[in-house]
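Below is one structure, written out as structure tokens, with a few remarks after it.
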Amino acid sequence: MCGIIGVVGFSPVNQIIYDGLTILQHRGQDAAGMMTSESGRFYQRKDKGLVKDVFHTRHMRQLHGNVGIGHVRYPTAGNDSAAEAQPFYVNAPYGIGLGHNGNLTNTDALRVELHEQDLRHINTTSDSEVLLNVFAHELQRCGKLHPEAADIFDAIERVHRRIKGGYAVVGLIAETGVFAFRDPFGIRPLCYGTRTTELGVEVMIASESVAVDALGFELVRDLAPGEAIFVSESGEVHTRQCADHPTYAPCIFEFVYLARPDSIMDGISVYQARMRMGEKLADKVLREWPDHDIDVIIPIPDTSRTAALEMAVALKLPYREGFIKNRYIGRTFIMPGQAERKKSVRQKLNAIDLEFKGKNVLLVDDSIVRGTTSAEIIRMAREAGANKVYMASAAPPVRYAYVYGIDMPSPDELIAHGRSEAEVGEAIGADRLIYQDLDDLVDAVRQGHPNITQYDCSCFTGEYVTGDVTEEYLAAVAGGRADGVKTEAQERRSRDIVTVGLHNAE
């Protein structure tokens, strides 16, 4: 999970990109980067850290140009060095910068092709650098001094045929413009909007509509699966379907947890989808536990608030804010390493004792992944005086690895892997655990756009929509995502010195 943004304007775009990345910060807290272009020269700043820590005034002053792209990142396989911050850059052909949200499932094969056939060098372990070099190779085949929109779209068509996985891409071509494209299944989100100024119509491309809306642009639409957009430096917008057999199958976990509630994705309000998740959960409680003894419903902030409130309304129960969140602690789901996540839970949340003391409380969370956070929060509720602690998850049990760009851990580290729902409840210390049914989750999202009939639910079902995910691949992914591997990698990198160049605004 990462956030990407691209802007073509008629005045410097560095501040717009900075603000957009700040809005998309929830999609990645590990690293941030920006690349702008002016008179055929690229200017770049990228590093590990939050947006506010990576970009200072001295950096912003050196990011010249009316076109640019930006990226916020978190690592999906433990690779979190500064060298792997995005955007990436190649100088041939033309000069291209690229940022990527997602994960390629045939990276290893592509590395071999790039080395042995395309004669290209890959300098990092990032699949985003692989993707950039595949695109650069395909664009070079046009053989022109200055590529046109049709040449860029032709290159993207060939890219789609070579790469597999879930991806949303934004790129910058020197003296040409900004391009973006989405994978043929629409797994990772991407949209664009426009705003009219005195000088002309400016264009923004972003992972989520909230960045478009908040910065004064009007959302035009989401890119369709396999579709590409190219915006010239003069602001001309071109779009084309570039995939051979596109199929709508967006990631359902975006609606459960990843996206901001004020975003619209593929025509579906994330907020309303989460409201319906709460309604579905309430229906399940009434259906399977009609004589429940719940006294109060308390959300685990922030993502679950919408579903929890709808549950309370449907069950005619009080809704209370029992936990206060420290907003200066990042999202624990995307923190590297189990020890760091566990430590951050109590720093992140503090219980209000009077909302728990002597009550049977139903805690509502968006999902339960590793179980670390859930177990710690249930322990906090008991320490605050709760009589009984029940837990409800707006998502079904997460039992399988996710391979399309979300840092789901090794299946052995998933609390629900190999366990029944009752066993998960016992493992996290809940008096009772209620999971959302998968059909109800899909229906809650699909009501926002009935024409989308398929969603990627692979972390719940183990069925991967791209059809190329093998047991061998899953084993390799699990080996790279295990917390022990990440901790070892982080310790090793802490002893290394990494230098990042390219007109870097230091």
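Since the model is a prediction, treat every value here as computed from it, not as a measurement. Values below: all heavy atoms of this structure, side chains included; hydrogens, waters and symmetry mates excluded.
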Which heavy atom of [X] sits nearest to which heavy atom of [Y], and what is that distance?
{"X": "Leu21", "Y": "Gly33", "answer": "CD1-O, 3.6 Å"}
{"X": "Ala401", "Y": "Leu414", "answer": "N-CD1, 4.4 Å"}
{"X": "Val465", "Y": "Tyr455", "answer": "CG1-O, 4.4 Å"}
{"X": "Pro301", "Y": "Leu349", "answer": "CG-CD2, 3.6 Å"}
{"X": "Ala206", "Y": "Ala211", "answer": "CB-CB, 4.1 Å"}
{"X": "Val424", "Y": "Ile415", "answer": "CG2-O, 3.8 Å"}

Donor-acceptor contact present, side-chain [X] to main-chain [Y], <3.5 Å:
{"X": "Arg195", "Y": "Glu202", "value": "no"}
{"X": "Ser367", "Y": "Ala395", "value": "no"}
{"X": "Asn360", "Y": "Asp293", "value": "yes"}
{"X": "Asp30", "Y": "Tyr74", "value": "no"}
{"X": "Asp183", "Y": "Gly166", "value": "no"}
{"X": "Asn103", "Y": "Val403", "value": "yes"}
{"X": "Arg399", "Y": "His417", "value": "no"}
{"X": "Arg182", "Y": "Ala224", "value": "no"}
{"X": "His71", "Y": "Ala85", "value": "no"}
{"X": "Gln241", "Y": "Pro225", "value": "yes"}

If you apply the rule side-chain contact (heavy atoms from CB on, under 4.5 Å), what do you find for Tyr390 with His292, and how did you get there? CA-CA 10 Å; Tyr390 308 120; His292 69 80; over 6 Å; no
[X] bridged to [Y] by N-O distance under 4.0 Å:
{"X": "Lys284", "Y": "Asp440", "value": "no"}
{"X": "Arg305", "Y": "Glu321", "value": "yes"}
{"X": "Arg287", "Y": "Asp437", "value": "yes"}
{"X": "Arg221", "Y": "Glu227", "value": "yes"}
{"X": "Glu279", "Y": "Arg276", "value": "no"}
{"X": "Glu254", "Y": "Arg188", "value": "yes"}

Please test Glu310 against Met275 for side-chain contact (heavy atoms from CB on, under 4.5 Å), starting from the C-alpha separation and ending with a verdict. CA-CA 6 Å; Glu310 288 305 300; Met275 289 177 63; 3.6 Å; yes
Only counting residues at least two apart or in another chain, list the ones meeting salt bridge (Lys or Arg N to Asp or Glu O under 4.0 Å) with Asp431.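 Asp431: salt bridge (Lys or Arg N to Asp or Glu O under 4.0 Å) contacts with Arg382.
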Under the ring-ring contact (aromatic ring centres under 6.0 Å, His included) test, which residues partner His56, sequence neighbours left out?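 Here the qualifying residues are His59.
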Test of understanding: with ring-ring contact (aromatic ring centres under 6.0 Å, His included), list the residues that count as partners of Tyr319, not counting sequence neighbours.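 Per chain and number, Tyr319 pairs via ring-ring contact (aromatic ring centres under 6.0 Å, His included) with no residue.
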Heavy atoms from other residues, nucleotides or ligands near [atom1] of [X] exceed 12 (cutoff 6.0 Å):
{"X": "Asp53", "atom1": "CG", "answer": "yes"}
{"X": "Gln447", "atom1": "CD", "answer": "yes"}
{"X": "Lys164", "atom1": "NZ", "answer": "no"}

For side chain to side chain donor-acceptor pair (under 3.5 Å), just list the numbers for Tyr402 and Asp456, CA-CA rounded to whole Å, side-chain angles, deciding distance to a tenth of an Å, and then say yes or no. CA-CA 10 Å; Tyr402 191 90; Asp456 173 61; 3.1 Å; yes
Separation between [atom1] of [X] and [atom2] of [Y], rounded to the nearest 0.5 Å:
{"X": "Leu281", "Y": "Gln436", "atom1": "CG", "atom2": "CD", "value": "4.0 Å"}
{"X": "Ile378", "Y": "Thr373", "atom1": "CD1", "atom2": "OG1", "value": "11.0 Å"}
{"X": "Phe55", "Y": "Leu50", "atom1": "CZ", "atom2": "CG", "value": "11.5 Å"}
{"X": "Met204", "Y": "Ile16", "atom1": "CE", "atom2": "CD1", "value": "6.0 Å"}
{"X": "Ile352", "Y": "Ile324", "atom1": "CD1", "atom2": "CD1", "value": "4.0 Å"}
{"X": "Leu131", "Y": "Leu104", "atom1": "CG", "atom2": "CG", "value": "5.0 Å"}

Considering only heavy atoms from C-beta outward, does the side chain of [X] approach that of [Y] to under 4.5 Å?
{"X": "Leu24", "Y": "Val51", "value": "no"}
{"X": "Glu84", "Y": "Glu129", "value": "no"}
{"X": "Leu63", "Y": "Met60", "value": "yes"}
{"X": "Ile368", "Y": "Met391", "value": "yes"}
{"X": "Leu362", "Y": "Met311", "value": "yes"}
{"X": "Leu441", "Y": "Met277", "value": "yes"}
{"X": "Ile187", "Y": "Thr466", "value": "yes"}
{"X": "Arg432", "Y": "Trp289", "value": "yes"}

Dump the intermediate steps for salt bridge (charged side-chain N to carboxylate O under 4.0 Å, His left out) on Asp213 and Arg260, then the final yes or no. CA-CA 12 Å; Asp213 299 335; Arg260 271 183 44 160; over 6 Å; no
Which of these, Tyr400, Tyr435, Phe253, sits in a side chain to side chain contact (heavy atoms under 4.5 Å, CB included) with Phe460?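 Between Phe460 and the candidates, side chain to side chain contact (heavy atoms under 4.5 Å, CB included) is satisfied uniquely by Phe253.
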So, applying side chain to side chain contact (heavy atoms under 4.5 Å, CB included) with Ile297, which one of Leu309, Leu363, Leu317 is it?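 Considering Leu309, Leu363, Leu317, a side chain to side chain contact (heavy atoms under 4.5 Å, CB included) with Ile297 is found only for Leu317.
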Show your working on side-chain contact (heavy atoms from CB on, under 4.5 Å) between Ile69 and Ile4 and close with a plain yes or no. CA-CA 8 Å; Ile69 59 176; Ile4 58 176; over 6 Å; no
Should the pair Tyr248 and His449 be assigned to parallel (<30°), tilted (30 to 60°) or perpendicular (>60°) ring geometry?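 Rings of Tyr248 and His449: tilted, as their planes differ by 30° to 60°.
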Which of parallel (below 30°), tilted (30 to 60°) and perpendicular (above 60°) describes Tyr404 and Tyr464?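 Ring orientation of Tyr404 relative to Tyr464: perpendicular.
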Would you kindly check if the NZ (Lys) or CZ (Arg) of Lys46 is within the cone defined by 45 degrees around the ring axis of Phe88 and under 6.0 Å from the six-membered ring centre?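 So Lys46 does make the cation-pi contact.
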Let's go through Leu223 and Phe181 carefully: what are the C-alpha distance in whole Å and the side-chain angles of both, what is the deciding distance for side-chain contact (heavy atoms from CB on, under 4.5 Å) to 0.1 Å, and is it a yes or a no? CA-CA 8 Å; Leu223 290 187; Phe181 56 94; 5.6 Å; no
